[in-house]
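These notes concern the structure reproduced below.
Every chain is numbered from 1 and lettered A, B, ... according to where its sequence line falls, protein lines coming before strand lines.
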Amino acid sequence: MAEGSRTTDEARYDFAAIQDRWLPVWDRLRPFNTANAPTGAARKYVLDMFPYPSGDLHMGHAEAYALGDVIARYWRHRGFQVLHPIGWDAFGLPAENAAIKRGLDPRGWTHDNIAQQRASMRRYAPSFDWDRVIQTCEPEYYRWNQWLFLRLYEKGLAYRKASLVNWCPFDQTVLANEQVVGGRCERCDTIVTKKKLTQWYFRITEYADRLVDDLAGLEGSWPAKVVSMQRNWIGRSTGADVHFAVEGRDEPIVVYTTRPDTLYGATFMVVAPDSDLAEELAAGASATVQAEFAAYLEKVRGMSEMERMNAGREKTGVFLGRYATNPLTGERLPIWAADYVLADYGHGAIMAVPAHDQRDFDFARRFDLPIRIVVDPTRGGTTGGAPLAERDPRVTGEALVGEGTLVASGDFTGLGKAEAIAAVTAWLAERGLGGPTTNFRLRDWLISRQRYWGTPIPIIHCAACGEVPVPDDQLPVVLPDAAGLDLQPRGTSPLGAADAWASVACPRCGGPARRDPDTMDTFVDSSWYFLRFLSPHDDTQAFDRAEVERWAPVDQYVGGVTHAILHLLYARFITKVLHDLGYVGFSEPFSALLNQGMVLMDGSAMSKSRGNLVRLSQQLDEHGVDAVRLTMAFAGPPEDDIDWADVSPAGSAKFLARAWRLAGAVESDPDGEAALGDTALRRATHRLLADVGPLVESFKFNVVVARLMDLVNTIRHRMDAGVASADPALREAVEALALVLDMFAPYTAEDMWQRLGHEPSVALAPFPAADDALLVEETVTAIVQVDGKLRDRLQVAATIDGAALEALARASEAALRAVGERRIVRVIVRAPRMVNLVTAP
RNA sequence: GCCGGUGUGGCGGAAUGGUAGACGCGGAGCACUCAAAAUGCUUUGCCCGAAAGGGCGUGUGGGUUCGACUCCCACCACCGGCACCA
């Protein structure tokens, strides 16, 4: 092979020099400044989740921003005006903890980290609009957090209440339900305890139904996994409330059940020991019962969430010495307190049906309570087989939770499960003894934090007026300087000690008052930041309505699946609130979502302690920005994890060098007539141009890269086959290469573009349309099958008709050999691609 | 337990119901070189065969179809989420 002949250009591909060449040019031209884009064009809002400034950028960032940038650059090449902003999620506990550990001010620490990340980001070169940077720790931003809080407060969606909350003993602060993972603090892994505190909440439960219902509209454009996780987390369940009269009490106990059909099987009641109801019921019982209950309650309170939530643990509880009445049967039911019933779900009390609920069954066994079967699974049940006597829970130890037919249930006997649920619920509703109800696993969002580094809550506490919101015109409530404050976590907010800051005159009565010392959960900051990007410097409002209408909602959101519940749920909630308040015209913030996977090393997540940390800066120094970015895109489907041990940034660099050298081989003029060039090469070029769109839009970035490699191989092969440097088809091919490559390797593409005689930036040059005429092949490979098995390949004209193709197939030597002595009884022809000869003996 | 997802060469992964393994990594051989690196060329699913050729192959077992990685049913394995939520 005539090696070297194809690479007439012997210049070396030097990624460092190329990076140094183009960074200052891009700084000057600002090609991705949204204002520089053609106006009037269709728009796309492509948003990457903004980073948290803890240390420098890492491999995970590199993947996320590489993939997000493919999409942003793609739409620009398609002629869209693209908004692709970046900022920093700069408040929060990790930064504060890190600063305290080092004896630094969180503000300085955070700013230093942002500066470092920003410099790294500039070199990594995602196509961001650098004029829209936001940092949530600046008053220019968090002022509007406070504004948002006040709007929720006005609507009764922000409120303060005392209740048992999740408490992290290490961080000395409360946690939202969503921040407790497996009973541990999401941040520091400490076992979470419960504490009774007065805290601020956002009433997200008021939106629970819509947060579930609207997921249907996201199906298909959000990952199925995320939709299902959200649905799971909100945990909507439908059933019925049932009122049970209590002996010696005026008010009935209300319970929630998803199985009203089993009401005849209720043999006792259970209330949550840490509920007010339990306390009240115990108080009305004998001294012995009171003592037992008190001891039990103490034991329960002493347990961590971890211990209490362990489902496998043996049931415990105490009899409260009180009785309720089954509304359907009039039967007398003993009332127990047991910690398997949760105080904050439903009504904190249940009717226990041991035959048809495993937990109730376990409890009944433990305390020798009656078990009564009221649903016969052998009739109408999904699992047939064994007779009822063998399926009895008392024999099997398994409650009968499935389908079946009601037995021993008075007038309801004989009904199926679904009919019975409806019938019993209706019966209860008619008599005012209950009715259909929906319940949610989701709890209100606890947003106050007893820490320094966050948005001050804009409320003033006045002895005379109570809670008084800070008037809008007095915003922002600026976070006081950390100097002189003790930031060590002690369970109360450090801001309370900033006397000069905390003491204020009540805005209502002018009397002495104090600011609320708590700060907001940082997830408040990120719940609406995508709107701030639309008018980041507006100091008169949180966001500009006209800009919102121009850009929002986000067309494509890109980020890690770690935020599948927390951030996305909160952002969806806040968007619905803003919609209801008339501030935005849509109620879902992110029309489409792409979750990139994680970057692993040797099969597990990277960590310093595990010793498998791959440093991004080292990878960039060694292989270059483009090679790392390309590797991220080429590794596989974006949502899959990448094991860095399995991929080859060196291979990526090799490919980039090959592609780059081709730009030096082109010797024709930019305005040459491509139609006069090599047809085979032109076909390859136009096939790529035709396929890029569908591939990128279905996130098959790895396939696009493979197709680019294919094109490079084809170009080289065509050159070997005699396509000259002056052939306009070569220029056409290499230009297409540079344009498509820009999505993955912007430096290399920009340099190629210049070598091809164009002005920067390649990122703003449109993709040429594929020429349909070049997509139609002249000859194709037809396959000949015998009984569905491949036996021969034929080169045929693409226009061949069925009869001609069949004739060729019947004449195929290989096919006839396979047919042997058998007869051909049927022929399926799909011209021009396939013939199947079906035989019989 | 419930919900969601995934199973394809040594590895990462391709494949509108119609040529399984595109593209790459890794391996082997060769060229260039004093040598190496770099670069380039050839080759590379498994088995039988010198070759021609043949057989087997997409987690397992069934099914639909002329034809199944792809569609349907059952099962197995792994990953992720939720989990004493009544």
Side-chain angles (χ1 to χ4, degrees), chain A residues 1-7 10 12 181-182 223-233 235-237 239 255-259 262 270 272 308-313 315 338-342 344-353 356-360 362-363 401 439-443 561 564-565 631 634-637 639-643 645-652 654-655 657-658 661 694 700 702-710 712-713 716 720 780-793 814 817-818 825-830 833-839:
Chain A
M1 206 48 58
E3 64 282 339
S5 66
R6 66 163 61 83
T7 50
E10 290 302 327
R12 234 179 84 253
V181 179
K225 181 181 175 175
V226 175
V227 172
S228 125
M229 281 167 76
Q230 294 242 331
R231 210 170 260 137
N232 235 313
W233 185 264
R236 179 160 66 187
S237 105
V255 305
Y256 172 72
T257 178
T258 53
R259 294 296 303 277
T262 61
V270 186
R308 182 166 173 184
M309 287 303 192
N310 180 6
R313 157 178 153 254
K315 295 281 180 287
D339 65 359
Y340 79 92
V341 172
L342 309 175
D344 58 354
Y345 184 76
H347 304 284
I350 63 156
M351 66 177 207
V353 185
H356 304 291
D357 181 282
Q358 190 62 41
R359 298 150 302 184
D360 297 344
D362 294 342
F363 191 83
V401 297
N439 259 293
F440 298 92
R441 216 187 72 98
L442 184 70
R443 304 290 192 275
V561 74
I565 296 172
T631 301
F634 186 50
E639 57 276 10
D640 288 3
D641 289 346
I642 299 173
D643 192 328
D646 289 338
V647 296
S648 173
S652 298
K654 221 162 85 178
F655 162 73
R658 265 203 295 254
R661 279 196 301 266
K700 294 181 176 182
N702 55 329
V703 180
V704 178
V705 175
R707 297 294 306 277
L708 278 171
M709 291 173 168
D710 246 343
V712 167
N713 292 341
R716 289 151 55 94
D720 283 344
V780 298
T781 305
I783 56 167
V784 182
Q785 298 176 345
V786 175
D787 295 323
K789 281 194 173 180
L790 176 69
R791 295 297 175 182
D792 201 5
R793 293 180 171 85
R817 193 164 49 234
V825 294
R826 192 176 162 194
V827 181
I828 289 109
V829 184
R830 296 281 179 276
R833 292 282 177 190
M834 198 249 1
V835 179
N836 188 10
L837 306 173
V838 183
T839 69

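For rC30(B), the paired nucleotide is rG40(B), the pair qualifying as Watson-Crick or G-U wobble because both relevant distances are below 3.5 Å. Checking rA50(B) for Watson-Crick or G-U wobble geometry (two distances, each under 3.5 Å) identifies no partner in any strand. Across the strands present, rA83(B) finds no partner; the criterion is a Watson-Crick or G-U wobble pair with both atom distances under 3.5 angstrom. Nucleotide rG10(B) forms a pair with rC25(B), judged by Watson-Crick or G-U wobble geometry with both contacts under 3.5 Å. Applying the Watson-Crick and G-U wobble criteria (two distances, each under 3.5 Å), rA74(B) pairs with rU60(B).
In this structure, Asn713(A) reaches the sugar-phosphate backbone alone: every heavy-atom distance under 4.0 Å involves primed, P, OP1 or OP2 atoms, never a base. The residue Asp640(A) sits close only to the backbone: its heavy atoms come under 4.0 Å of sugar-phosphate atoms, none of a base. Nucleic acid contact for Pro637(A): sugar-phosphate only, since backbone atoms but no base atoms lie under 4.0 Å from a heavy atom of the residue. Across all strands shown, Arg833(A) has no heavy atoms under 4.0 Å from either base or sugar-phosphate atoms. Residue contacts for Arg231(A): at a heavy-atom cut-off of 4.0 Å it reaches no nucleic acid atom on any strand shown. Within the nucleic acid shown, Asn702(A) comes within 4.0 Å of sugar-phosphate atoms alone, with no base atom in reach, counting heavy atoms only. Across all strands shown, Met229(A) has heavy atoms under 4.0 Å from sugar-phosphate atoms exclusively, and none from any base. Using a 4.0 Å heavy-atom criterion, one finds that Val827(A) contacts no nucleic acid atom at all. The residue Phe634(A) sits close to a base: some heavy atom pair falls under 4.0 Å. Within 4.0 Å of Ser652(A), counting heavy atoms only, lies no atom of the nucleic acid at all. Within the nucleic acid shown, Thr781(A) comes within 4.0 Å of at least one base atom, counting heavy atoms only.
Glycosidic torsion of rG49(B) falls outside 90° of 0, placing the base in anti.
Regarding contacts with the backbone of rG24(B), every side-chain N or O of Lys654(A) stays at 4.0 angstrom or more from both OP1 and OP2.
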All N/O pairs under 3.5 Å across the protein-nucleotides 52-59 of chain B interface:
unit_1, atom_1, unit_2, atom_2, d
rG55(B), OP1, Arg791(A), NH2, 3.4
rG55(B), OP2, Arg791(A), NH1, 3.2
rC56(B), OP2, Lys789(A), NZ, 3.2

For this session: Please report the C-alpha distance between Arg313(A) and Asp339(A) in whole Å, then the side-chain angles of each, then the deciding distance to 0.1 Å, and finally whether the salt bridge (Lys or Arg N to Asp or Glu O under 4.0 Å) criterion is met.
Result: CA-CA 11 Å; Arg313(A) 157 178 153 254; Asp339(A) 65 359; 2.4 Å; yes

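Per the geometry, CZ belonging to Phe440(A) stands 17 Å off C1' belonging to rC82(B), to the nearest Å.
With no hydrogens or angles considered, a side-chain donor-acceptor pair links Thr839(A) and Asp787(A) at under 3.5 Å.
With hydrogens and angles left out, the side chain of Gln785(A) and the base of rG18(B) share a donor-acceptor pair within 3.5 Å. Taking only distance into account, the side chain of Asn836(A) meets the base of rC66(B) through a donor-acceptor pair shorter than 3.5 Å.
Rounded to whole Å, the P atom of rG9(B) lies 13 Å from the corresponding atom of rA22(B). Nucleotides rU43(B) and rG80(B) place their P atoms 42 Å apart, quoted to the nearest Å. Atom name C1', nucleotides rG62(B) and rA68(B): the rounded distance is 14 Å, in whole Å.
Summary of the strand contacts: Lys225(A) and Tyr340(A) both lie near RNA chain B, and taking for each the nucleotide with the nearest heavy atom, the more 5' one is attributed to Lys225(A). Nearest-nucleotide mapping onto RNA chain B: of Gly348(A) and Asp710(A), the residue sitting toward the 5' end is Asp710(A).
No cation-pi contact links Lys315(A) to Phe363(A), judged by a cut-off of 6.0 Å to the six-membered ring centre and 45° from its axis.
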Exercise. Could you write nucleotides 43-49 of chain B as a row of B, S and -, 5' to 3', where a protein heavy atom under 4.0 Å of any base atom gives B, of only sugar-phosphate atoms gives S, and otherwise -?
Worked result: -------

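Remark: the backbone N or O of Val353(A) is paired with a side-chain donor or acceptor of Asp360(A) at under 3.5 angstrom.
Between Arg443(A) and Asp344(A), at least one side-chain N (NZ, or NE/NH1/NH2) sits under 4.0 Å from a carboxylate O, which counts as a salt bridge.
One finds the CZ atom of Arg830(A) at 10.5 Å from the CD atom of Gln785(A) (value rounded to the nearest 0.5 Å).
Listed by chain and number, the residues in a side-chain contact (heavy atoms from CB on, under 4.5 Å) with Arg833(A) are Glu777(A), Val780(A) (sequence neighbours excluded).
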